[in-house]
Amino acid sequence: MAATKTAIDLSAAMVTQAVPLADWLLVAPILLTMAGGALTIILRKKSAAQPWIAISVISLVLLSNIALLNHVLSNGVVTMVMGSWLPPFGIAFTADALGALLALTASVATLCVAIFAMNSIAANERRYGFYPFLLMLLCGVTGSFLTGDIFNLYVWFEVLLISSFGLQVLGNEKTQIDGAVKYAVLNLIATTLFLAATGLLYGLVGTLNMADIATKVKAFDNSGPVLGLATLYFLAFGMKAAAFPVNFWLPASYHTPRLVVTAIFAGLLTKVGVYALLRVMILLMPEGRDWLASLIGVVAIATMLTGAFGALAQTDIRRTMAYLVIAGIGAMLSGIAVGNQVAISGTIFYSMHSVLIMTALYLLVAFMYQMSGTFSLREIGGLYIRTPLGAGIALILLLAVAGLPPFSGFWAKLLLVAGALEADRGWVAFGILASGLLTTIAVGRIWIFAFWRGGNENTVDGIQALPIAGSADASDVSASIWLPLIVLTALIVVIGVLPEGVMSISEYGAKTLIDPTVYIGSVFGGAQ
């Protein structure tokens, strides 16, 4: 007798409807970067074609991220689950305003770096994997911004770290190996802490889906395990974001790789750490953030002041920029410390601003080196006469990183200060303003020494006693160097003059983090 087949209702566990076409925008950037990375590896011996392949792929990623951000702003938080399994069983990709905005900004910065690298990365370094590593770095960063699964956030961290290790040692010089060891050891320790915390979190709540975690963690109501996990996550992501006192690896390693590599590191990597802190501290464990608020505030101010004083103490402009990265991380942490909607909006705005400004500043350092042949403020000078356009770009970028109007950094710091005052945390607002003043002095010193004065410190009556070898004329600078600098500078000016769009997106992202109802509803209510 034949067995009777029983009908099984799969709708309770699996997606039974077709995925809307627009939702594929969630995974399009990841699929494109993976395909581009594979193609550039296959064509690794065709070094002349690699930049054009990478630029084409990243341009498609940029367009898909624009469409994704528009989709999120029009339709709310978007979720797509892999393998047709419903969450929390299936691995979810979830895009809210925060993730979509940072994914878009990351693709803009990476495209500018890919164009800049056309004339700054040698053919043999292309064969050693610059463009495949760059594409996979963007893949890991984008995956981190768009994943809805805490363990897969760890996986995307690994993807971007492996890619960054390859870029760090590109050139195989002794100083690069030294910098890579410091960079790798601290990041691997942070990654181990992240994985350990995630394992403990899974043991506590029995799920890895972020929306599910946000729901189930509430049942523990300020219990010791939740507060301990929040502390462990803060330490892990604080190390990755280069927060005080675990930030010494950044200035010890960021001056060693190629400047175009450092540009993408400074623009993207530490911001992934800040993004992870926003997700965990605000969305998943707000009680833990409340408990750690004062500690995070102290760490934020210490990070800002360490960065500002470190920048003042340097004569090597590469190291100065590394400390400016640290100062910016402190400003972003101050918003997490305050925790209200205005301050979180400021952190989101500042994260987007920092991706653009730090990428642009390191590209500016590469331009200054090509013009002068040195990184030392003692030996550089007179660049205003040689390149007025370059001097104008430098002035805008340096004022923007200090948070002065009318550029994008001003509005981010304004939101952070307003949020701190609204929450009666005047000491945090004072720390932001004090750091901004010190940063203004540091960057003003760079512009005066490098551009305004007539020559280096050996110049007497307009004659350089010790001329610099290896300097180029402005006419020798290729379009692939000018274009990224002009585009990034223009974006910083436009966002500063017309900040309403980014402010509204940042406010929307902050609302979703503080009140995750819409986020959870997207995952469990309408996930397709």
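Hydrogens, waters and symmetry mates play no part in the numbers below; they use all other heavy atoms, side chains included.
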Nearest-0.5 Å distance, [atom1] of residue [X] to [atom2] of residue [Y]:
X: Arg445; Y: Gln314; atom1: CZ; atom2: CD; value: 8.5 Å
X: Tyr362; Y: Leu259; atom1: OH; atom2: CG; value: 8.0 Å
X: Met210; Y: Asp149; atom1: CE; atom2: CG; value: 7.0 Å
X: Leu361; Y: Arg318; atom1: CG; atom2: CZ; value: 15.5 Å
X: Ile296; Y: Asp290; atom1: CD1; atom2: CG; value: 9.0 Å
X: Ser64; Y: His71; atom1: OG; atom2: NE2; value: 12.5 Å

Walk me through it: do Val260 and Ile264 pass the test side-chain contact (heavy atoms from CB on, under 4.5 Å)? CA-CA 7 Å; Val260 71; Ile264 200 64; over 6 Å; no

Is there a donor-acceptor contact under 3.5 Å from the side chain of [X] to the main chain of [Y]?
X: Tyr350; Y: Ile329; value: no
X: Ser74; Y: Asn70; value: yes
X: Thr105; Y: Leu101; value: yes
X: Thr191; Y: Asn187; value: yes
X: Lys271; Y: Ala266; value: yes
X: Thr142; Y: Cys139; value: no
X: Asp23; Y: Met80; value: no
X: Ser354; Y: Ser351; value: no
X: Thr147; Y: Gly143; value: no
X: Arg289; Y: Met281; value: no

List the steps, then state whether side-chain hydrogen bond (donor to acceptor under 3.5 Å, both in side chains) holds for Thr198 with Tyr233. CA-CA 9 Å; Thr198 301; Tyr233 273 121; 3.0 Å; yes

Contact summary for [X] and [Y], nearest pair of heavy atoms:
X: Thr359; Y: Gly267; value: OG1-CA, 3.4 Å
X: Val443; Y: Ala402; value: CG2-CB, 4.1 Å
X: Pro484; Y: Phe116; value: CG-N, 3.8 Å
X: Leu324; Y: Ala311; value: CD2-CB, 4.0 Å
X: Thr79; Y: Ala92; value: CG2-CB, 4.2 Å
X: Ile336; Y: Val274; value: CD1-O, 4.3 Å

Does the gap between the ring centers of [X] and [Y] come in under 6.0 Å?
X: Tyr323; Y: Phe309; value: no
X: Phe151; Y: Tyr154; value: yes
X: Phe265; Y: Tyr183; value: yes

Output yes when Lys511 and Asp515 qualify as a salt bridge under the 4.0 Å nitrogen-oxygen rule, no when they do not.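 Salt bridge absent between Lys511 and Asp515.
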
Would you indicate whether the side-chain heavy atoms of [Y] and [X] approach each other to under 4.5 Å?
X: Leu284; Y: Val217; result: no
X: Ile30; Y: Phe93; result: yes
X: Ile189; Y: Met239; result: yes
X: His353; Y: Ile495; result: no
X: Phe133; Y: Ser164; result: no
X: Leu295; Y: Thr231; result: no
X: Lys240; Y: Phe157; result: yes
X: Val205; Y: Phe220; result: yes

As a quick check of understanding, evaluate side-chain contact (heavy atoms from CB on, under 4.5 Å) for Val365 and Met321, giving each step before the final call. CA-CA 9 Å; Val365 171; Met321 296 305 164; 3.7 Å; yes

Pick one: which of Leu399, Leu398, Leu397 meets side chain to side chain contact (heavy atoms under 4.5 Å, CB included) with Trp447?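 Per the side chain to side chain contact (heavy atoms under 4.5 Å, CB included) rule, the option paired with Trp447 is Leu398, out of Leu399, Leu398, Leu397.
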
Just checking, is any N or O donor in the side chain of Asp212 or Asn209 under 3.5 Å from an acceptor N or O on the other one?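 There is no such pair between these side chains.
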
Short side-chain donor-acceptor distance under 3.5 Å, Arg279 and Tyr275: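 Arg279 and Tyr275 do have a side-chain donor-acceptor pair below 3.5 Å.
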
Could you go through Ile301 and Trp427, starting from their C-alpha distance and side-chain angles, then the distance that decides it, and tell me whether this counts as side-chain contact (heavy atoms from CB on, under 4.5 Å)? CA-CA 9 Å; Ile301 292 175; Trp427 56 281; 3.4 Å; yes

I would like to know whether Phe248 and Leu186 meet side-chain contact (heavy atoms from CB on, under 4.5 Å); could you show each step before the answer? CA-CA 9 Å; Phe248 51 87; Leu186 266 294; 4.0 Å; yes

